Amino acid sequence: MTSLSLQVDLTKCLNSQGPFDLIIHKLTDLLVEAGQDLASHHLVQRLQVYLDTHPFTILLDPLPALYTLLDRFQSHHLLQSLETRQQGVSAVFSPPCVQLMTRRSDTVALVRDHLTFPIICKARVAHGLRSHEMSLIFNEQALKDVTPPCLLQSFINHSATLYKIFVVGAQHFVVKRPSIRDFPLGETDQKTIFFNSHEVSKAESCSHLSQAPLYPEVLPPSDEVVRQVVQGLQEALGMSLFGVDLIVDTQSGRCAVIDVNAFPGYEGVTEFFPALLSHVNKILKNNKESTSTLEGSSDVPTCEDRKIDLRSLPEPCKRQASGTSYFTMHTPAYSADR
Ligand SMILES: O=P(O)(O)O[C@H]1[C@H](O)[C@@H](OP(=O)(O)O)[C@H](OP(=O)(O)O)[C@@H](OP(=O)(O)O)[C@H]1O
Ligand SMILES: Nc1ncnc2c1ncn2[C@@H]1O[C@H](COP(=O)(O)OP(=O)(O)O)[C@@H](O)[C@H]1O
Ligand SMILES: [Mg+2]
């Protein structure tokens, strides 16, 4: 078997660079730019057209899932829906949130009804220059410091320990990272703290926000909890290359999912490349088998005809079997945030 990999240049005709069996990408920034910039929009459109006309090219990962992750409001809804799917008191939760599209006169009331102090404020758009600029709000008066569109979320004390779950297809890896220290619960007169999240939770970070009295060793999330979270997200998003940020609530011992990232850096995962290769080989093999089955029949049956669960199919078959273009050009209204 010969194999060839090359860098795809979206500024050039894709037909003359292909055909491609599989494209791995990190298009998050481009997708955000495409919301406001015509040139970027055209690049995304070029890829879209190529995929629509080459139904057997696999895209890792699908664009619709990425749009969900680019929007912290949508990500939060997704995480909430996963939480309520489980029965009884779930071992995993998404911290309570309030979404602010614009400045509202009833913000204080909303916060009183839904959140507890301290509160962490995150921009609605999850990628791009301003998306990691955040603030910690300690009282109602300080709510004037937030700039919509943004997500206000109850801050969960977690002994300054973050667990990054890095997913590669069927495998996942847990990496421990520094995080933000605990704060007293409830309103205090502490001034708002503005910070850049990349200064607190990278492997090498040693931010003043992480420094704290020595905490007792935090028990990591159980394998079962991690597996539940990964599986729930995989099923909901149809993605195979993503990261999940988990923290363990110091008070309740429950696990909070606070962030999901498309194709992260996998720093600290020495097994990343073998895992990626094995995943790519597996889906190419599955795809070859499904392709020959589909090509053998002149009339491709629809999913309803064959009672097929779309999510169980490889990406191109999903598009072909559903009988509609799987990708639809979609330019989210992110411009209000810039
Ligand atoms: O490049 P953008 O699109 O901003 O996305 C970033 C990169 O994937 C970062 O990886 P890297 O720094 O290796 O490029 C990743 O950090 P991790 O590798 O720490 O997961 C970030 O996760 P967050 O730190 O959770 O935002 C994620 O938001
Ligand atoms: N609800 C929360 N409670 C406590 N800490 C949080 C919460 N949300 C985020 N953090 C802290 O802020 C950091 C950045 O938040 P995150 O949502 O992961 O955004 P980013 O996309 O910038 O990584 C996290 O790594 C964690 O240290
Ligand atoms: Mg994060």
Side-chain angles (χ1 to χ4, degrees), residues 26 28-29 32 66 68-80 83 92-99 111 114-138 146 150-167 174-186 192-212 215 218 221 229 233 242-268 334 337:
K26 170 86 180 191
T28 34
D29 282 347
V32 173
L66 292 195
T68 302
L69 299 189
L70 286 174
D71 182 343
R72 285 199 174 99
F73 292 2
Q74 284 192 46
S75 296
H76 175 66
H77 286 304
L78 169 68
L79 293 171
Q80 259 187 333
E83 187 185 332
V92 185
F93 70 107
S94 170
C97 283
V98 162
Q99 296 173 184
V111 165
H114 299 282
L115 307 183
T116 48
F117 283 98
I119 287 169
I120 185 164
C121 174
K122 314 178 186 182
R124 178 184 183 178
V125 180
H127 286 264
L129 275 184
R130 286 181 43 206
S131 63
H132 303 291
E133 297 297 337
M134 303 194 172
S135 54
L136 291 168
I137 313 274
F138 295 88
V146 308
C150 61
L151 187 84
L152 303 180
Q153 186 173 63
S154 295
F155 181 89
I156 308 294
N157 279 337
H158 55 283
S159 309
T161 309
L162 175 73
Y163 294 93
K164 287 216 164 247
I165 318 299
F166 291 119
V167 181
V174 182
V175 174
K176 199 171 162 183
R177 290 272 183 91
S179 188
I180 302 174
R181 70 179 167 84
D182 292 354
F183 290 99
L185 294 178
T192 301
I193 299 174
F194 296 91
F195 68 102
N196 184 309
S197 63
H198 277 174
E199 282 158 20
V200 298
S201 289
K202 291 289 173 194
E204 66 286 358
S205 299
C206 49
S207 157
H208 65 281
L209 281 177
S210 308
Q211 279 150 21
Y215 291 112
V218 185
V229 171
L233 285 168
F242 62 95
V244 191
D245 291 352
L246 287 185
I247 54 178
V248 181
D249 183 347
T250 317
Q251 253 196 335
S252 66
R254 293 166 76 212
C255 233
V257 186
I258 50 167
D259 190 21
V260 185
N261 302 117
F263 205 173
Y266 293 92
E267 201 183 334
Y334 288 131
D337 197 31

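Quick note: residue numbers are just sequence positions, from 1. Order of appearance sets the numbers: ligands from 1, and atoms from 1 within every ligand. All values derive from a computational prediction rather than experimental measurement.
- Side-chain contact check for L79 versus V92: every heavy-atom pair is 4.5 Å or farther apart.
- Using a 4.5 Å cut-off on side-chain heavy atoms (C-beta onward), L162 and I258 make contact.
- Between Q153 and C97 the shortest side-chain heavy-atom distance falls below 4.5 Å.
- Contact of the I180 side chain with the L136 side chain is registered, since non-hydrogen atoms from C-beta on lie closer than 4.5 Å.
- Ligand 2 places these atoms under 4.0 Å from at least one heavy atom of L162: 25 (O).
- The option with the heavy atom closest to atom 22 (O) of ligand 2, from among A160, S197, S210, is S197.
- Among heteroatoms of the N, O or S kind in D245, OD2 lies nearest the Mg ion (ligand 3).
- Residue contacts with ligand 2 for I247 involve side-chain atoms from C-beta outward but no N, CA, C or O (heavy atoms, distance under 4.0 Å).
- With a 4.0 Å heavy-atom cut-off, ligand 2 is reached by no atom of R177.
- Y163 is linked by a ring-ring contact (aromatic ring centres under 6.0 Å, His included) to nothing, counting only residues two or more places apart in sequence or in another chain.
- Side-chain contact between F117 and V111 is present, with heavy atoms from C-beta onward closer than 4.5 Å.
- Polar contact check, I156 against ligand 2: a nitrogen or oxygen pair lies under 3.5 Å apart.
- Across all their heavy atoms, Y266 and F242 have their closest contact at OH-N, 3.4 Å.
- Annotation: S179 places an N or O atom under 3.5 Å from an N or O atom of ligand 2; distance criterion only.
- Under the 4.0 angstrom criterion for non-hydrogen atoms, R72 is in contact with ligand 2.
- With a 4.0 Å cut-off on non-hydrogen atoms, D245 touches ligand 2 through its side chain and not its backbone.
- Under a 4.0 Å criterion applied to the non-hydrogen atoms of S201, ligand 2 contributes the atoms 24 (C), 25 (O), 27 (O).
- Counting heavy atoms under 4.0 Å from ligand 2, residue S154 touches it through the backbone alone.
- Contact annotation for H198 and ligand 2: no heavy atom of the residue comes within less than 4.0 Å of the ligand.
- Under a cut-off of 6.0 angstrom, the local environment of CD in Q251 is sparse, with at most 12 non-hydrogen atoms contributed by other residues, nucleotides or ligands.
- With contacts defined as side-chain heavy-atom distances shorter than 4.5 Å, the pair T161/S179 does not qualify.
- When the Mg ion (ligand 3) is compared with the N/O/S atoms of D259, atom OD2 turns out nearest.
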